[in-house]
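The sequence lines fix the lettering, A, B, ..., with proteins before strands; numbering per chain opens at 1.
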Amino acid sequence: MTNYEPDINHRIWQVVALIPKGRVSTYGHVAEKAGLAGAARRVGSALRALPADSKIPWHRVLNSKGSIALPTASGSHQIQRDQLEAEGVLFNTKGRVDLEHFGW
DNA sequence: TACTTGACAGCAT
DNA sequence: AATGCTGCCAAGT
């Protein structure tokens, strides 16, 4: 049967939902845990398709550099940063999270 | 149906 | 450190 993609989104969201509060992860890592190793972009698509009222902690997902992937001009960018700081995640002067602090 | 875009990542310049 | 290219895979045009 044809692979219905929305099912993959659910799997990705499932993985993101497991990220503990005050912690962060990366697109690449989420992709790997969802069985989509190497397809980090697929994770971006899944989060983009995420309904605004979902309980998925999408804000805990950063790119490989530890920075927020959304455009600075984007309103979501600010929201994501606020959410993380509210959980105790610190940003350096370059607007990046110190991934090594979390064992990356 | 073919080409382009995108919440990415990793390596080469 | 910044920029560019390639690999990935679904969605949009």
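- Heavy atoms of S64(A) sit under 4.0 angstrom from primed sugar atoms or phosphate atoms, though from no base atom.
- Between P57(A) and V16(A) the shortest side-chain heavy-atom distance falls below 4.5 Å.
- Here the NZ atom belonging to K33(A) is positioned 13.5 Å from the CZ atom belonging to R11(A), to the nearest 0.5 angstrom.
- Whole-Å rounding puts the L99(A) CG to dC8(B) P distance at 15 Å.
- At least one donor-acceptor pair closer than 3.5 Å links the side chain of Q80(A) to the backbone N or O of V61(A).
- Here the nucleotide nearest the side chain of I8(A), chosen from dA10(C), dA9(B), dA11(C), is dA10(C).
- Closest approach to the N63(A) side chain among dG6(B), dC8(B), dA7(B) is made by dC8(B) (side chain taken as heavy atoms from C-beta onward).
- For the P atom pair drawn from dT1(B) and dC8(C), the interatomic distance equals 23 Å after rounding to whole Å.
- In this structure a side-chain-to-backbone donor-acceptor pair under 3.5 Å is present from W13(A) to A46(A).
- When rounded to the nearest whole Å, the span between NZ of K65(A) and P of dA7(B) equals 14 Å.
- Whole-Å rounding puts the I12(A) CD1 to dC8(B) P distance at 13 Å.
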Working for side chain to side chain contact (heavy atoms under 4.5 Å, CB included), residues V24(A) and L99(A): CA-CA 8 Å; V24(A) 297; L99(A) 291 181; 4.1 Å; yes
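- Of the two residues contacting DNA chain C, namely A37(A) and R96(A), the nearest-nucleotide position lying further toward the 5' end is that of R96(A).
- Proximity of a side-chain donor or acceptor of R60(A) to a complementary backbone N or O of S25(A) within less than 3.5 Å is not detected.
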Polar atom pairs between nucleotides 3-7 of chain C and protein, under 3.5 Å, N or O only, would you list them?
residue, atom, partner, partner atom, Å
dG7(C), O6, R41(A), NH1, 3.1

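- Nearest nucleotide to the A39(A) side chain, out of dA9(B), dA7(B), dC8(C): dC8(C).
- Here dG10(B) presents its C1' atom at 17 Å from OH of Y27(A), a figure rounded to the nearest Å.
- Rounded to whole Å, atom P of dG6(B) lies 17 Å from atom NE2 of H77(A).
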